[in-house]
Undergrad: 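This is the structure I have questions about; it appears just below.
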Amino acid sequence: MPRPATIVLVLLLALPAIAWAFGARQPLLENRARADYPGITAASLQDPETFEQIDSAYLERLSLRGEALDLNARLKIDLLKDSPNPEVAIGQDGWLYFQPQLQACRDKTPLSDPADTAEILARSLLVSGRNALVVIPGGKLTLHPERAPEIEPEVEACVERLEREVGARLAETPGGLDLDAELLALRAQGQDVFLRGDTHWNAAGRELFARRVLDAVRPGLARETGLRQGKEVDRPADLWKLIGTDRTDRDRVVIAERTPLDPPRNVLLVGDSQMEFAFTRPPAPGVAPLIERTLPGASPCSPDAFAAGHCDELFAKAGTVIYETVGRNVRQLTETCWRAVSMATRHLRGPAASFERVDGGTPPSATGELAIAPDAPARVRVRIPGADRADAPRLIIMPVLEGDVSVYQQPEAGGPAPCATPTATAGAALVIPIPAERRARDLVFDLTTTVGARFEAPDVIDLSDGALAAAARPTPGG
Amino acid sequence: MVFSSTTFLFGFLPAVLLITWALPAKARRFFLLAASLVFYAWGVQEFVLVIIASTVVDWALARGISHYRALERTRAARWLLVLAVGQNIALLATFKYAEFGARQVDRLAGLIGADGVGALSIALPIGISFFTFEKISYVVDVWRGDVQARRDPLDVLLFVALFPRSIAGPIVRLREIQHDLREPRPRPEQIEAGAIRFSYGLAKKVLIADQIAPVADAAFASAGDGTLTFSGAWIGLIAYTLQLYFDFSGYTDMAIGIAMMLGFRLPENFRRPYSSVSMTDFWRRWHMTLSRWFRDYVYIPLGGNRGSEGRTYLNLLIVFGLTGLWHGAAWVFLLWGLYHGGWLMLERRMGWRAFDGEASHPLARRAATVLIVMLGWVLFRAETASEAGTYYRALVDLGSVTTPAVEAALSNRAAICLALGSIIFFLPASRAGGRWISEAAGRLPVAARVATVGVALPLSLILAMAGTFSPFLYFQF
């Protein structure tokens, strides 16, 4: 006859299976698709990943797991005042914070300057003749620090400093927007701009962002569409989900009352989840996403998809590019911005510059062309006409005539230039930005090729305010 | 598969328990062997075939040893013993020590400007140190006549593979479970005690060890990046001391509990080690089955303490050097083993050896012993001797301030679990918690049983289901 402890143990261990037999199924708890059960073959049974995949698939289908996560979260938060997830910090009054917001100062590679990155991206988009807006908004820890717990004071100060630097640079840059300054102004009036249990802006923050985007696409467009906050809704909060429980935040929808009579065309919205929440996701069940009322025909694209080249065609056609990425990903942007800069500027021509071999290898020809042998890297710099250092950023365009080539920066002073094209093939061009106040001669790089390569003499593109004004084309309806 | 994973807790274990109980006694061993091989294959995949092959070789050689011993052909039997022990040591040397050996050869070759052997990369099958020692004990016991060679190879296979203890011990001898191998017959009171013991072990692992692990991890990571300070070093060391004990002894409790529910009685492995009154006493309480193995199969064959004083010290150093290397193929483990061997030598030389109940100043002795053990854990946990050096410096650097990473890891729950776990330092040395909670009579044990099964078990299962599990520390040994 079974004894009590045996009964309790077996019942508890079998409870998920019993619940499953009675129809209980685990809802989708993670913000991603469930792991699939692997195919079982003789070969797959020798692969440790097969067993890990079975473990994951089983866990993600286990009945009552949602209830266990919820109980765990309640125990830890309500009883122990701890966060069940180290990525989520618990602040005052139920405010939650996402610790990876600090990652921009935890991981300091690459070494390119984020403010230079933001400026070069905005100016490059403008010099191509496009209308552009670059926004790199800060996170909740910096915009709502009053309810945040102390996490790592030095790192927090570093992130705040970094976000302010990027914001200040964007404020001075044509095509840039320091949204944080405006969000902080709202905060100064006592208005919250983030949701309590979420990493995203509340209606006030989203409305401000949408207003600036619409007016950047076409001045007055926000008013024209009647952009405003609407009814109150309960929104599932992503940080609560991260700690394993479902709670909602009270929020309002942001809606547009009407569609513009002459909707802007060829608008590309590159942005992460803030852009998605503001424009492309329905603000409430049955309510159309803002993009459908305000920018019908505009194309959304995530920064990851953009970096992977999935939006190249949309970019080529775009007359207006809005580029938003949150501050915690700003170092990632220094690595991925090359695609936008390269696509926008590689066909531009400017004053001729010249290659200089630093390694004593074969110098450029009399016409300025540079040839590189296969598997023999050439260390070069570019001598540019005029001042070696300038107040505004510049771009070096190096058209590739033959072969394929990769670039590895070896700066003699300072960090590597941001947004430099890493590889190019014949018919394309390498674009190497020179940040403002940097000496061109310090930017030394290794060019490598597997099949041999030949470059045309490089050109230099000026990204100063004057040059941008000359390149600008009238904004439709503006 | 680890005992605190959801696949094990909510799939494998209840299925194995229910099927085993439902099967007729004669069929149980076939099912348990199949289940054990599936359990083991989860962690090592095709290496399970190596285990099977090597166990069959052990079985055949043990039969040969027994045969020649019966014919009094000792020389032939001895050769078979050497072959059997040799194949097990070769297994261990290949999978556990070849990579380390190649690195040392390369280093030496580098010193004299010669070419090395190049880097080797061999995956370490979990539990290899445990089951090779068990296999060695079987053939040696057959040679010594302590156990009869089994006729049926399935008996030896089940002994080696039996899943509750196949990957982290306790190190069992065949003679300890031989009567259960053919027809495991768990009795209701044995199942009940096993259920309580398992619940107790799971709670130790999930509710205490896993909760304080981040504090220890943060301290040792800080030693690695040079940010460790005095307070962080001591908090981290206390956390690691408790984590290691609760993790390993919790695993042992679970292993013993599951085995009981399946009809096997495994040997105890811990008896309040942090209540020891000397280092000699500590090694009779910590990982007891390993100490016993080294005593019976290395120390005594080397001559034990029957020779000169110098010879005894040498034997101690050899045994503890090997004990260190058994835990891992790295210099820090060897140093850790020699550190313990050195203390045992000193105790023997100075007459400081003592055991519970016979020691003068027991409290001072307990404090000193636990401090010595804790300082040894630095070597055990550090990745390199240089990291251990950094850690030791932080332990005495009074001038420094707090360690940010340790402070961040010291959540409320970690602090509560540290405080709860620290009780182990103050408990009497006479009783082992696992047996007491599952078998003792009286009101207090009953209350502890109710709390364990009624509160700690559900909480542990919630945490196991909700959290990402952490691997057991002892898997690589």
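Chain identifiers are assigned alphabetically (A, B, ...) following the order of the sequence lines, protein sequences preceding nucleic acid strands; residue numbering begins at 1 within each chain. In this text, all values refer to a predicted model and were calculated from it rather than measured experimentally.
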Undergrad: How close do A:Asp198 and A:Lys140 get, heavy atom to heavy atom, and via which atoms?
TA: O-NZ, 2.8 Å
Undergrad: Considering only heavy atoms, which portion of A:Leu9 lies under 4.5 Å from any heavy atom of chain B: side chain, backbone, both, or neither?
TA: both
Undergrad: Identify which part of A:Ser63 has an atom lying under 4.5 Å from any heavy atom of chain B, answering side chain, backbone, both or neither.
TA: backbone
Undergrad: If you count heavy-atom pairs under 4.5 Å between each of A:Lys76, A:Lys81, A:Glu154 and chain B, which one has the most?
TA: A:Lys76
Undergrad: Which bit of B:Phe47 is near chain A, if near means a heavy-atom gap under 4.5 Å: side chain, backbone, both or neither?
TA: neither
Undergrad: Using non-hydrogen atoms and a 4.5 Å limit, figure out which bit of A:Leu15 sits close to chain B: side chain, backbone, both or neither.
TA: neither
Undergrad: Contact part of B:Pro458 toward chain A, heavy-atom cut-off under 4.5 Å: side chain, backbone, both or neither?
TA: both
Undergrad: So what's closer than 4.5 Å to chain A heavy atoms on B:Ile191: side chain, backbone, both or neither?
TA: both
Undergrad: With a 4.5 Å cut-off on side-chain heavy atoms, are A:Asp180 and A:Val166 touching?
TA: no
Undergrad: Between the side chains of A:Asp82 and B:Arg413, is the shortest nitrogen-to-carboxylate-oxygen separation below 4.0 Å, so that they form an ion pair?
TA: yes
Undergrad: Quick one: what part of B:Glu189 sits under 4.5 Å from any heavy atom of chain A, side chain, backbone, both or neither?
TA: both
Undergrad: Any salt bridge between B:Arg197 and B:Asp253, counting N to O under 4.0 Å?
TA: yes
Undergrad: Looking at A:Arg147 and A:Gln92, would you say the former's side chain and the latter's main chain have a donor-acceptor pair under 3.5 Å?
TA: no
Undergrad: Pick one of side chain, backbone, both or neither for B:Ser411, based on which atoms fall under 4.5 Å of a heavy atom in chain A.
TA: both
Undergrad: What option among B:Ala409, B:Ala195, B:Pro214 has the most heavy-atom pairs under 4.5 Å with chain A?
TA: B:Ala195
Undergrad: Please state whether the rings of A:His144 and A:Trp95 are parallel, tilted or perpendicular, taking 30° and 60° as the class boundaries.
TA: tilted
Undergrad: Please report the C-alpha distance between A:Asp304 and A:Ser302 in whole Å, then the side-chain angles of each, then the deciding distance to 0.1 Å, and finally whether the side chain to side chain donor-acceptor pair (under 3.5 Å) criterion is met.
TA: CA-CA 5 Å; A:Asp304 286 345; A:Ser302 74; 5.4 Å; no
Undergrad: Does a donor on one side chain and an acceptor on the other come within less than 3.5 Å for A:Glu160 and A:Thr142?
TA: no
Undergrad: Under 4.5 Å heavy-atom distance to chain B, tell me which part of A:Thr50 shows up: side chain, backbone, both or neither.
TA: neither
